[in-house]
Each structure stands twice: as C-alpha cells, then as structure tokens.
Number of protein chains: 2
Amino acid sequence: MTKPRLKIIPLGGLSEIGKNMMVMEYENDIIVIDAGLMFPGAETLGIDLVIPDFSYLLEKQEKIRGIIITHGHEDHVGALPYLLPQLNVPVYSTKLTQGLISVKLKQRRAHSGAELEVVPPGGRITLGKFRIEVFPVCHSIPDSVGLIIYTPVGTIVHSGDFKLDYTPVDGKPTDLSRLAQLGAQGVLLLLSDSTYSELPGYTPSERVVGEALDHIMAEASGRVIVTTFSSLVSRIQQVIDAAVKYQRRVFVVGRSMSDTVRIALELGYLNAPEGILARFDELRGMPRNKIVFVTTGSQGEPTSALVRMANRDHRQLHILSGDTVIISATPIPGNEALVNRTVDNLFKQGAQVFYDRVAQVHVHGHGSQEELKLLLNLVKPRFFMPIHGEFRHLTLHAKLAESVGILKDNIFVLEDGDIFELTPWAGKVTGKVSAGNVYVDGLSVGDIGSVVLRDRKMLSRDGIVMVIIAINRQTGKLVGRPDIVSRGFVDTKESRDMIEESRNLVARTLDHGRDRPADWGFISTKVRDVLHKFYYDQTKRRPMILPFMVKV
Amino acid sequence: MTKPRLKIIPLGGLSEIGKNMMVMEYENDIIVIDAGLMFPGAETLGIDLVIPDFSYLLEKQEKIRGIIITHGHEDHVGALPYLLPQLNVPVYSTKLTQGLISVKLKQRRAHSGAELEVVPPGGRITLGKFRIEVFPVCHSIPDSVGLIIYTPVGTIVHSGDFKLDYTPVDGKPTDLSRLAQLGAQGVLLLLSDSTYSELPGYTPSERVVGEALDHIMAEASGRVIVTTFSSLVSRIQQVIDAAVKYQRRVFVVGRSMSDTVRIALELGYLNAPEGILARFDELRGMPRNKIVFVTTGSQGEPTSALVRMANRDHRQLHILSGDTVIISATPIPGNEALVNRTVDNLFKQGAQVFYDRVAQVHVHGHGSQEELKLLLNLVKPRFFMPIHGEFRHLTLHAKLAESVGILKDNIFVLEDGDIFELTPWAGKVTGKVSAGNVYVDGLSVGDIGSVVLRDRKMLSRDGIVMVIIAINRQTGKLVGRPDIVSRGFVDTKESRDMIEESRNLVARTLDHGRDRPADWGFISTKVRDVLHKFYYDQTKRRPMILPFMVKV
C-alpha cells in the first residue's frame, strides 16, 4: 500500500505571469490558493481576458474545502466571478481583499451566494486536513498575506506576492520574525514569488515614491494630475499626504479609482483628513495650485480619463499649460507604445510630465534577488519551488536558491498543470492535468479556441476576399460573372482593375464546359488556389479567400 | 524684397523614432540627409514596413543635389530602395555605409543606376550652395558620421546618431576637438540626436560588453551562441576577439549576419585572424568548448536561427544541455514578449542564458543626458533643434539645452512636415508639407490607407460575418433563407444554433410583403443593424457584418 501523499498542482501562474491559481490536495481535502486572471497579449486578438482552466476543480468539487486569496490584485482574484457560479465554496481573505472581491462580483453580477470569509493577518483557519495561518507581507496593495500551511506531510510556506519594505506606508512590514521562528522549527517546502528574480539588489521602499511626489508637488505651480493603478492604495495615500502638506484638495476621477478609494476609506485602509477630498462641483473657481487629480490611465488605456485629456477628448477636463502630470506606474509589457503616446500628447498640450524613466515616481511590489535570498535564508526549507513567474524567472530563482545552499535535487521548477507529489522525504512530478488558457471574449467563456484566433490573426494580416459564385441548379454552369468583395486586403478604389481581372479569372476557371452540377468542394478549392496565386503574384499578400456558392 | 532663407524640413524621425529623413533647401538647391525606414508597430496590422512620404522631394526633384547618409542602419538607409527608382540623384556616404546600401539595393532589385559616392570621415563635398564636411561619430555601427554644413545663412552641425565612447572598439571616437574648434568659430544651429534624452548620466562604452563576453566565454564549458544585430560590427569584432583568446572557432549563422560579416571583412571593418572563422562542414567532431556561433534572432524573430533552435525547429542546429546563449541586444519596444518567450524556451532546452536584464551584455549606441549636454557645450550653437526622437524625447532634450544656457526662444521643437525657415538672426515654422507614414505591404507602396488598416483592426478584434441574401429579380422578395458564414467571430460548431437563429432573424426582417424590388442600400443597412444588435446581445462582440445580395 502506498502512503498518501500531498499533491500540489499549479493551475496557473507558473507558465505565464498572471492567472495565479494553485491546488493542494491531501486524501479527501483540497484547498485552492488564489483565482486570478491574466490580460491577453498581442497574439490573442480581440480576447478580453484569460482565466485558468477549472476542469480539474469541477471534477473534484466535492473535495474542495475553500479558496484562500492572498491579496486583491486581478491576477489573484479576477477569475472568481467566473469560478464561483460553478463552484459554491467559501472564499477566505483579509478584509480589504474581501471588499474588493465583493465589488468585482457585483460588477460581473456573479455573486451567487458564495460565502466570503474574513481572516485577519495572523489569523488561522482549518480546512479539512489543512491548518492555515495567514501572515502579513508587504506588496503593492494593503492587506496582502502569505500562507503557512500545516499539512500531514509537513509545514509549507507560500509567500504570496511580496517584497521587504522596512518602511511601508501602512506601517505593516512582512512578518520576518514569524518566518524565522518557523524556519527554526523546520519547514518542508517554500513556495516563493519569482516575478522579479531577474533584478539584482533590493526593491526600493514605497517611501521613495512619497519623497518624489512631495518634491514634485512642492515645485508645481499649477494643477497636479497623478495617475496610478487603482489598487495602489498606499500610493493614493501618499498623494493625499502630499496634498495635505501643500494645501491642495484631491479630486478622484474615474469609476475604478472611485470604487477603490471608497472601499479603502470605509474599511480604514486609506486615511483622508476631513475636507481634503473634493467633489467635482467644487472645481470651478478653485486656484490651480490648490488642485490634485488622482486618476487611472497609467497604462495608456484609450478610454481612460488621462488619455482622453491628453487627446483633448474629455468632456470636462482639459490639460492646461502649466499642469504637472505624474505617471506613477510602469507600463505593463505590451503597453509601452500606448503609454509613450500618452506622454507625448501630454507634453504637446503643454504639461510637465514625470514618468518612470525620468523620475522615481514608481516602485514595484515584488522582492528582488537579495530579498528572495533573505526569505530563503530565514525559512530554511528542505524543498523549494519557485512560483509566480515565467520559466526564466523560475529558473533564475532556482539558481538563487542553489546559491544559498538548497540542494539542487530539492528544487522543483514546475509548469502549469504538473501534478507534484510530496512526502516528508521527497517530491516529484507524477502527471499532468489540463491547465491551458481559457479565453473570455464578451459574454462567452471558453468558446474561443485556436481556430477562431488563427482566423483573426490571418484576417488582421492581409484581410479577406469573398467570392460569390452563382451556379445554375440544373446545368451546374456559372450564371453571370462571379462577384468579389474584399475587406482589409487592398484599397478597393485603387485596385479596382486587379479585382475585375480576378473576377474574370474565376469565371474562366469555372468555365468547365460540362453540363452537370459540379462538385462544390472541387470548385471552392480550385477558386481558392487560383486566387491565392493571382493575388500573391500581384501583391505579395495572402488574404483569406472565402468562396461562396448560390444555386439559382 | 524678402531675403532668401534656409528651409529645413524634417520628413521623418521627429514624430516617431525611425524613418529619419531631412530636407535642407536654399534657393535652387536641396540636399537630403538620410532616407530611413521604420518597422511597424502593433497597430499597423500586416504592414511590412513604413517609409517617409517622398512627395515633397518628387515635386522639387530638379533642385535635389544629393542625398547624404550618416550611417548604415535601416532607419537611415532603408528607404533608399523605394526612393532611388523614383529619384535619380547621387548618394554620399562613408565606405561601410556604401557597402551596406549596395547589398540592400541588390536585395530589393532596386539598383537603378544611382551613383553611390564614398566620402571618408573628415572628407568634404560641395552640393550647390551647401558645403558639407563629414566628421566621425561613435555609434553602434562603424563608419558613422555627423555633418558640418556650411550654408549661406551660417554653419549647421548635424550630429547623426551618436554617443561619446572614449574607448571604442574600432578606435575611432567622436571627433570632439573638431566640434570644439567649430564652436569657437560660431555655429548657427545644432541638430542633435535625442533618442536617449530620457536617460541620465553617460552611456557605457562598448568595451564593457567585451569584458562581459570575455568573462562568460571563459566560464562556459560548452558551446557559446551569441546573438546580436547584424549591423553591430563592433560587437561581432568583440566576439571574435574573445573567441581568439579562448581558442574557439566562430561559425556565422544566417544570411543577414553572413552578408554583413563578409562586407565588413572585405572593406576592413572587421578583423578576423586566419582560421578563426569556420565553415559548417567543419562542425562535426569539433569539441563543444571550441565552438562559438554568431547569429541573428536577438529580437525573437520567429524565422531566425536562434528562435528555431529554441523551439527545436532548426534543421541542423539544436540547443544542447550545457550550451551558453548570450542575447547581446535589447528588445526593441514591441518585441519584449517574443524575446521573453525565446529566453524561456532556451532555458527549457537546458541552456544557460545571459540577456540584458541579468548581465551587461549590451550597450546602446546613443548619447545619454550628460553626453548631450557636453555636445551642446562644445558646439555652443545660437539655435538648437533636437532631432531623432518622439515628442517627449525632443522636449526633454530641449530642456537639457535650456539647462546649459541656450535661450528658450532659440530652441525649436518640430514635428515631421514642418517647414522651418532660418536666417542668421531668427528661425520659425512657416508652413507644413505632407509627411505622413507610407506603408509598404508586400509589393505595394502606399496603397494601404486608413480604411484598410481600420478594417484589419476590426477583423482582428471580433471577426467577420457574411450574409448572402438571394432576392427575386422581379418581385424583390427573398428566395429561400439567407446564408450566413463567419470567420474569427465564434466557434462555428458551438454557436450553430445562434447562427441559425440569426438566419431566421434576417429572413423575418426582409419579409416586407411588398411586391416590388427593394432598395439594396435600405436592405443592407437594415440587415447590418439587426444583426449587430442580435450578436452583441448574444455575445457582447461586434463582428464586421457584410451583407451581400444575389438577384435570381
């Protein structure tokens, strides 16, 4: 009889950054850690967002005791509105995280009666054979936690997303002494955030951004417009603090920013002195040097308030010469061009612009190499598994672990879907579950597959040509000339002659002389081949060609 | 009578990075500086490349005395194969640049008998009223120059693309003393490279990369694969130098890399000791620690040798465990995801990978802020115009110029197409010429306009739905049910019911009961509206809808 083992299955977060989700399973109990989404890259055309494949969870749903969420970022909570309607299990998180989840479920109309339980940092819960203690970590959103998971095979530490900030704005640093204590008692496995394992040194404290904001606001003679992620509550706090210091009032612009500020104020994670936040109707007549706007748009999102202002396209707000704009964020890979264009347009409108490349107006929320090594040193795990990263991040984190003395054979670099089995003495990958990307496009989840994406890609490259062929029902002969319509292929006016010629070409091709119904499969293949060759010779382009037959 | 003025017209390079081209015009003489291309961004779907609008040059062709090219990069020479067949004027450049231009013209079969004249660094030419002296500058390709242009209104210095490298690999630093001498004599206008005006400090010397290459090659126990831009001749030289030191032989892989190496060797810009370069048939049996490959693929180009190797998709070369890969380049904005995936795949194949984020394996070729200030200080121009950059780069460079004492009113930040008129005492923008992007897609130049691109974008987002409606020629009534075909919209199997329902919807919509031919404009608008609404309600997607009528 084989002894039961603990299974760890990453369903997301280890093959690409984002859509973090991990399963831990022991006999009849499963816990799920995080349920995040990922924003699509340039290759997944038209897709709104990407979530993990839940099929393993749905198969085993009677075993699932709960979902534990480490913090309120989209890549850790964003899949809940899609998961909970299918899987009614309790969700455990800290208070701010819970508030943000509630908003998200309401926005997606996916509340579905799921229980949302609050666990304070330092609190404990028992889920089947798992006892879990949540410990505070510093990250770019307050109330972030890591997990200490006591399992029948040993103690596991899950770092969540973390950095070491000894002077955090909310006064709650990562609980290193608890981790050191655990390390002394013996930890079987450490799972640790690899997002910034490429970066040497230490990640700067959030305070350095506060100093930059203070300095810029002190010098600004006109209005100050700060844009950042709405989840960066500490950043918003620092903007409010600087506004208080320089007697400016703060206008919160945009729905997601207003939502977060409201919840963070309600739950006590944001501290705004009476009268510092202003309503829009108070704007008129206020001196420019008394105004701060806080808004989203830091990623150059075309519909955001900031981008609309930069393009002179906002109904109420315009950039005035002498405005100071602070882009307190880094472009997420893929958004660089949008952000650059926004900065260009703000400069053109006469604003002074501070952004990450020219001023210290942003720090990120993940530990760099020295912090990762420190965590490894304190926790002293027997086994180590880098999480939250693409393959190179995990590999580099594995090398860091080796460099601080973890045995190479005790380090496990996994990919999404791997079934990792762990005993007190060994661990290995024993199989694979389905863990690909599930695409959400509009209302539908998962119907977009590789065919639709391949078609979109093909359409985007050289467009489409439709050929409508009328065939006599009895004789099988062509009736009239075929019609051809194109979109995204060539300029239809300038290329009129070429299109006309291609109509004649199709007509000649189909003039087979026989007097019986032709086989449509044969005709359409023939038309496709002839037109592909003709258009490629003429233009070196390869549009999608779609012949269509009408029998008359 | 108004005194004749010098006109300066940037036709490219001042609104976006790339496709550099500038016109200088005095009475009946025009000179053109550079003729570059730009690689398209994610928004110009399917476009191969972008070149400047030549219409101003074609209008004034009888005035054009010559084109002067500052160096051999694509963004300075790449438009020549499209320009020269239309405009037969001599092209002046240094020797290596000329060699690279010749290859490019041959590749595009665009030689067209244009004269390519060589001017050595330090040499002079006279073109109409313009006397031009070319001076050596350091950049990421050898034989780069800046221009001193003696015009009837005064002396103009054009920096080209430059950095200050006091220890360049080819031993030819930027000629600062010539510039200092000029500055003492009086310079009317400085035009200076703004590409890296966001970066504080100094750009490191190319030598630091040599040290990193040396160190990595010393430690590597297996084969070493170096990938870089084929134009980075100094980088290739440093790879050869390190290979000599560690008794490795160098295999050059890929056509563009081989072409550059051949020309650079022929013209004396690359120095390879006898026997260091190896042919492929010598590979078999050679010990792994005696091998270096040099190849392109540093941008993650899907068809490059490196990416094929990373994907186990190359016919001859495979990554072996223990290989060391050096990516000696920075991803060009937009290519990050491709490069990241390549690094991930190389790690998965068991290679050790060094890339810009984890090692000093690349430096760029443009001056940072302190270098830009130094140039301004030496040249001491009366007027200053930042060139080569997007609006934010030009703006920041303008601020640097102010900080070193150039009067704000004497600094001119232009956009492409601006006509700037300069006298010895003043300068101003007096008009605008056509200077947009001309798209090259396949064989055609310029036929792709905003409609085609907008269609491609729309197609890429939610696909296309075609509706084929057969109408009785006499009665105007629908014959049979309309047919509907989609691509890139929904999974056609899973959504069969919805598509069927939409066919019925169109049929009901067109069942107008009247007994006369219907107006097609009316029908097609109606069908579009009804289907847009239906599909949006069902899917929240907005495919392009294309109704098509067949009269039977």
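Lettering of chains follows the sequences in order, A, B, ..., and the numbering in each one begins at 1.
- Interface remark: B:S486 contributes no atoms to any contact with chain A (heavy atom separation under 4.5 Å).
- No side-chain heavy atom of A:V451 sits under 4.5 Å from any side-chain heavy atom of B:D491.
- Interface check for chain B: of the options A:Y536, A:F489, A:Y355, the most heavy-atom pairs under 4.5 Å are formed by A:Y355.
- Residues of residues 453-463 of chain B placed with any heavy atom under 4.5 Å of a heavy atom in chain A are listed by number as B:D455, B:R456, B:L459, B:S460, B:R461, B:D462, B:G463.
- When heavy atoms are compared at a cutoff of 4.5 Å, B:K399 approaches chain A solely by way of its side chain, counted from C-beta outward.
- Evaluation of the ring pair (Phe, Tyr, Trp, His ring centres under 6.0 Å) rule for B:H388 yields B:H76, B:H158 as partners, not counting sequence neighbours.
- When the salt bridge (charged side-chain N to carboxylate O under 4.0 Å, His left out) test is applied to A:K533, the partners found at least two apart in sequence or on another chain are A:D537.
- Within the 4.5 angstrom heavy-atom criterion, no atom of B:N335 approaches chain A.
- Listed options A:H393, A:E415, A:Q369 were ranked by heavy-atom pairs under 4.5 angstrom with chain B; first place goes to A:E415.
- Neither the backbone nor the side chain of B:L394 comes within contact range of chain A; no heavy atoms are under 4.5 Å apart.
- Counting heavy-atom pairs closer than 4.5 Å to chain B, the top residue among A:E494, A:K540, A:E336, A:K348 is A:K348.
- Screening residues 389-398 of chain A for salt bridge (Lys or Arg N to Asp or Glu O under 4.0 Å) gives A:E198-A:R392, A:E390-A:R392, A:R392-B:D344 as the qualifying pairs, with residues at least two apart or on separate chains.
- Comparing A:D441, A:V490, A:V452, A:L199 by how many heavy-atom pairs each has under 4.5 Å with chain B, the most go to A:D441.
- Note: A:T395 leads A:V479, A:T395, A:V358 in heavy-atom pairs under 4.5 Å with chain B.
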